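Notes to accompany the following structure.
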Amino acid sequence: SVVRAHDTPNFVANRVGIAGMMATMIEAEKFGLSVDVVDDLTGKKLGRASSGTFRTADVVGLDTMAHVVKTMQDNLKDDPFYATYATPKVLAGLIEKGALGQK
């Protein structure tokens, strides 16, 4: 069955998944980790899909991910985790170059 939650934007999976992906991208940047290293660490080694964080974002579509992030930024200003909804620089940079993902 469908559970309707009229008070929050995005599907629950999007909110949780995108927040985790953004946190991973931000930490990767902070520690200077390459895309390949991050995907290796965040894929099968964590019991997740072999695609890892960046490859998953690529398949979903970088512009789609950015849209979900923007929705969170626009509609969740009172959320205690709002500060973590900043668009990761790597995501913004790829989109600016026209790299929208494989989709």
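The figures that follow rest on heavy atoms only: side chains count, while hydrogens, waters and symmetry mates do not. Quantities reported herein were computed from a predicted structural model and do not represent experimental measurements.
- Residue M22 is grouped with residue L94 when hydrophobic side chains (ILVMFWY) are merged at heavy-atom distances under 4.5 angstrom, including chains of intermediate members.
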>> The test is side-chain contact (heavy atoms from CB on, under 4.5 Å); show your working for T87 and Q73 and say whether it passes.
In response: CA-CA 9 Å; T87 304; Q73 292 167 345; 3.1 Å; yes
> Are T42 and T24 close enough, and set up right, to give a side-chain hydrogen bond (donor to acceptor under 3.5 Å, both in side chains), and what steps lead you there?
Replying inline: CA-CA 9 Å; T42 62; T24 300; over 6 Å; no
>> side-chain contact (heavy atoms from CB on, under 4.5 Å) for M25 and M65? Distances and angles first, verdict last.
In response: CA-CA 12 Å; M25 290 178 179; M65 182 177 175; 3.8 Å; yes
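- In this structure, OG on S51 lies 10.5 Å from NZ on K44, to the nearest 0.5 angstrom.
- Cluster annotation: I18 and L46 are assigned to distinct hydrophobic clusters (Ile/Leu/Val/Met/Phe/Trp/Tyr, side-chain heavy-atom contacts under 4.5 Å, transitive).
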> What do the steps show when you test T64 against H67 for side-chain contact (heavy atoms from CB on, under 4.5 Å), and what is the final call?
Replying inline: CA-CA 5 Å; T64 301; H67 176 73; 5.6 Å; no
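- With hydrogens and angles ignored, the 3.5 Å screen pairs no side-chain donor or acceptor of K97 with any backbone N or O of G93.
- Put simply, the side chain of E29 never gets that close to the backbone of P88: no donor and acceptor are under 3.5 Å apart.
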> Do D79 and Y85 pass the side-chain contact (heavy atoms from CB on, under 4.5 Å) test, and can you show the C-alpha distance, the side-chain angles, and the key distance before you say yes or no?
Replying inline: CA-CA 10 Å; D79 190 296; Y85 301 153; 3.3 Å; yes
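- Taken from CG in D58 to CD in Q102, the straight-line distance is 5.5 Å, to the nearest 0.5 Å.
- Between L62 and A99, the closest heavy-atom pair is CD1-O, 3.2 Å.
- No donor-acceptor pair closer than 3.5 Å links the side chain of D40 to the backbone N or O of D36.
- Both L33 and V35 sit in one connected hydrophobic cluster of ILVMFWY residues. Membership requires side-chain heavy atoms under 4.5 Å apart, directly or through other members.
- When the salt bridge (Lys or Arg N to Asp or Glu O under 4.0 Å) test is applied to D78, no partner is found at least two apart in sequence or on another chain.
- Atom OH of Y82 is surrounded by more than 12 heavy atoms from other residues, nucleotides or ligands within 6.0 Å.
- The hydrophobic clustering, which links ILVMFWY residues whose side-chain heavy atoms are closer than 4.5 Å, places M21 and I26 apart.
- No side-chain heavy atom of L76 sits less than 4.5 Å from a side-chain heavy atom of F81.
- F54 and I95 fall within a single hydrophobic cluster, where Ile, Leu, Val, Met, Phe, Trp and Tyr are joined by side-chain heavy atoms under 4.5 Å apart, directly or via other members.
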